[in-house]
Structure formats: structure tokens, C-alpha cells
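Data block below; observations after.
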Protein chains: 2
Amino acid sequence: MFTRSEEDHLKAIHSLSVTGTKASTSAISERLDTKASSVTDMLKRLAEKGLVAHEPYHGAKLTTSGRKAALVLIRRHRLWETFLVDKLGFRWDEVHEVAEQLEHVSSEKLIDRLDAHLGHPRFDPHGDPIPDKKGRMVARKLMALDTCVVGDRVRLSSVRNSTDVLLHHLTRKGIALGSAITVTAVHDFDGSMELKLGDGRSLSVSREVADQLMVQ
Amino acid sequence: MFTRSEEDHLKAIHSLSVTGTKASTSAISERLDTKASSVTDMLKRLAEKGLVAHEPYHGAKLTTSGRKAALVLIRRHRLWETFLVDKLGFRWDEVHEVAEQLEHVSSEKLIDRLDAHLGHPRFDPHGDPIPDKKGRMVARKLMALDTCVVGDRVRLSSVRNSTDVLLHHLTRKGIALGSAITVTAVHDFDGSMELKLGDGRSLSVSREVADQLMVQ
DNA sequence: TGCCATTTTTAGATTAGTCTAATTTTGTTT
DNA sequence: AAACAAAATTAGACTAATCTAAAAATGGCA
Ligand SMILES: [Mn+2]
Ligand SMILES: [Mn+2]
Ligand SMILES: [Mn+2]
Ligand SMILES: [Mn+2]
């Protein structure tokens, strides 16, 4: 249906538009690790195909059919990640790059069978909801950990950016999805936080990390 | 490592070189459904990378490193086909096109884990042997059904070309891998054959079909 | 209000992969 | 041996996807 590059652009625009805002050319190019001029080219092509509305100099947002296509990609990506962890024993910090390739294999039957094989999972290994066949997924009200204050008791629900390096960092610190977290201190001068986990262990995380952790 | 097109060319050359002969430009182009001139271009590129020996006007054959790369592809393709049938419940005549895509996902860890998950299978759903991590696979002496004569009792071991349309045809006729076959008649004028299966059913197949069935 | 830094787009180039049409080579057939 | 048909290569064109460098637009601030 679409090329790999088209699909990756649709996905990038989708994840930059969560709050309904338009995705800027530079934000897309940063996410895909390409140059802004390449993104401009692609936005024109996607606009011609009716997948995005591109207002030159003011970014792009998905049309209804573009959003539909993006949700198919997100569904594929998260189902493959779940497969890799649940069936093949990958760690959650090893799956992103492989899923980034697998998501472009185009076969509706494949994805539906995979979904059933996995027991119709609702969340991927990073806590992100998996869209169903019709593109519906559960919405959850999450906040970033760095907006919490001392005394807050929360639970880690997902990770904003599932880059392998961040996930590996969390694994080394002993933080996993579902971890119960109590904020014991917030240091003003660098934004780092002291946390106590449900199992009693204490640790500290930098502002950069706290910013990535979405809690409930 | 290689592009999708490079990988598909290596695989095509490999399967056209079983008897040690060189693969002709036109045979490759027919298999990949492209034009001969496109194949010539690709042969030059593969020759420059040291993957094939291309003697202009006389075809190409794989070098040692080209053969190694081709075997990796064949391993991936057949493992994915096995996964689709064994784990996702696909029929043997539905898997080829999807595996044709999945084989290009490049992750050694993925394939090794998949291999283990499937229990290190030695044959794919079409009866073709699966190379192991080092590229070794069992060799079997097979003959095409159309070389058999009346009275021969054989067993279907694999199918020469696993195109979905041929496999679907066989399924409709009730022939499957492992079927015991007795040749009851060979018609000279069109090469078609009358067969009796192990379960007692009788049927006839055309020369075109008999030519594709590899028996033991 | 006008300057200017930042962002975005445009212009022009490159590589991979494909095609059609023309040319060359090979091997067979008169 | 010359002619011919088939196969292969070359020449030239096109699309997709990228880049660098130059030009244009935007939006904040002196
Ligand atoms: Mn991707
Ligand atoms: Mn994920
Ligand atoms: Mn393929
Ligand atoms: Mn097969």
C-alpha cells in the first residue's frame, strides 16, 4: 500500500500530534533522523495522496485516512513487540528496532492471526495501548513523573520514548512497567528525583529520565 | 546488510544453480518478474560486491560469500513459512508471499530465537530443508514425478516451485506433502498421469503439475 | 516598525531500482 | 561462411528517497 518511508512519516506525525497540534517539519525530521528538506518532500507527497494536510511553513497533521493508516502501523508495531517479548523471550529494551522493520510487512491476515496468537493483548511491553482491528485503543490519563511532587504514590504505566538506550537504563536501575513509585524528594537545582519503589529499594533519577516516565 | 532487491536476486541465482550450472539473465528475470536489463544491472552491482561471478553473455553464479548470504535468506524464508503454518495456522498455499517479505527483516537474534521457538525444524511446510545457522542442510535425492513410470510407488517430498496457485491446486486435488503415490498410467500424447493415493483415491495430473512434484 | 535568528522550502545533485528501445553478442541454421 | 533469431547488454529515461546549499518566510524583539 505505502512505502516504508511513507509509513514511518505517518507514524511520526501521529505521535507528534497527540494533543491535536500540528507536527513541525523539524520535529518530524529529528524523530526520523533525516533532514528537514527530506521531510518537506515527503509531506508534499503525503498531501497529494490525501494522507496529511500540509500548511507550508506551519507543519502538518493527519487527515482521517492518514490517521487510519497510522493506527494500522502502530497496531503492527506494538503487536510485533509483544510477540518478541512474550513468545521469543526478548527483553523490552531489545524489541524496538526489530519491530521497526517488522511493522512494514503488509498482510492483514498476518496481523490478525498474530493478534489472536498473542491472545488479543491490550498493551505492548512498554505499556502502550495496542489499537484493535478498527483502530480503537484504550485511552488513559497519564502524567509524566517529573510533574509529581514529594509524597505522590504512582505506578509506572508506560515510557514516552521507547528507545533501547533509555529502556536499558531503566532495566539497570531496576525499574519496570507496573513498578509502584513513591516520590521521596525533588531536587530543585537539577530537577532530579529520589524515589522509593514498592519493593523498598530507593534510587534517584535525573530530570531527563523522569520526563520520560508516564505514571498513573 | 543487503537491499531487498539484492537479496531476492541472490536467492533466485541460488535456486537456479542447484546443479552447479550458471543462472542465465533471462531465467533470473523470469523468476523475479522483472526485465532482463534490470537483472544485468543488478548482476554488475552484485559482482562488484563480490557476491556473484558474472561472465557477460554467459550468466552468473554465486561466489562463496554470495552463497553464504543466499543460504541466510533461504533459512529466514523457510523458518517464517514454518512459523506461519505451525503457529499462526496458515495453510501451506498461503505462506509464500508473506514469507517473501518477512525474510528481509534483518536481525540474527530474531531468526535464532524463531528457530528455537519452532523447535529447530528441519523442513518447511513445502518439504524443503531449512539451513541451520551455519548454512548446512540435509540433502535428499529427489526426482520429479514426471520421470516416474507405471507401477512406481513414491512419496511426495517437496514441490519444485512453491507458488500459491500451484499449492492451492494440489490442495484442491487432495494431494499433500507425504502423500503416498502409485503411478497407474502415463498418457504419451499429453504427458498426463493417472495416480492412486495411499488412501485409495484415484486422480489424474497434467504434465505441468507432475513436473513440479518432487518425490522420493 | 523593522531587523534578525530560526525554520522551512526550493533548487540541484546523487543513488538504487526499474523500464523501453536500440545495439551487440552468441550460437544455430541454412 | 553468411544470415538469422534469441539472449544479453547498453543507452537513456523515470521515480523514490535522500542529501547539501541557497533562498524565502515566520515570529520575536530591539
Ligand atoms: Mn519502521
Ligand atoms: Mn512499544
Ligand atoms: Mn523476498
Ligand atoms: Mn517453502
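In the text below, chain A, chain B and the rest are named by the order of the sequence lines, each starting its count at 1.
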(Q) Do B:Glu194 and B:His187 pair up side chain to side chain, a donor and an acceptor below 3.5 Å, judged on atom types alone? (A) yes
Q.
For A:His104 and A:Asp8, which I'm curious about, is there any donor-acceptor pair between the side chains at under 3.5 Å?
A.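 Judged by distance alone, the side chains do pair up.
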Q | Contact state string [nucleotides 4-11 of chain D, B base, S sugar-phosphate only, - no protein heavy atom under 4.0 Å] | A | ----SBB-
Spacing of [X] atom [atom1] relative to [N] atom [atom2], expressed in whole Å:
{"X": "A:Asp33", "N": "D:dT18", "atom1": "CG", "atom2": "C1'", "result": "12 Å"}
{"X": "B:Glu48", "N": "C:dT15", "atom1": "CD", "atom2": "C1'", "result": "13 Å"}
{"X": "A:Glu30", "N": "C:dT7", "atom1": "CD", "atom2": "P", "result": "10 Å"}
{"X": "A:Ile28", "N": "C:dT8", "atom1": "CD1", "atom2": "P", "result": "9 Å"}
{"X": "A:Phe2", "N": "D:dA16", "atom1": "CZ", "atom2": "C1'", "result": "16 Å"}
{"X": "B:Glu6", "N": "C:dT18", "atom1": "CD", "atom2": "C1'", "result": "14 Å"}
{"X": "B:Lys35", "N": "D:dC14", "atom1": "NZ", "atom2": "C1'", "result": "16 Å"}

(Q) Between A:Arg75 and A:Asp112, does the salt bridge (Lys or Arg N to Asp or Glu O under 4.0 Å) criterion hold? Intermediate values first, please. (A) CA-CA 10 Å; A:Arg75 171 170 160 79; A:Asp112 291 345; 3.2 Å; yes
Q) Between A:His117 and B:Phe83, what is the ring plane arrangement, given parallel below 30°, perpendicular above 60°, and tilted in between? A) perpendicular
Q. Are A:Ser5 and D:dA16 close enough that a side-chain N or O sits under 4.0 Å from OP1 or OP2?
A.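 Indeed not, no polar side-chain atom of A:Ser5 lies that close.
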Q: Hey, could you give me each pair passing side-chain hydrogen bond (donor to acceptor under 3.5 Å, both in side chains) that has a residue in residues 30-40 of chain B? Not counting sequence neighbours.
A: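 The answer is B:Ser15-B:Arg31.
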Q. Only one of B:Arg76, B:His77, B:Arg78 forms a side chain to side chain donor-acceptor pair (under 3.5 Å) with B:Glu103, so which one is it?
A. B:His77
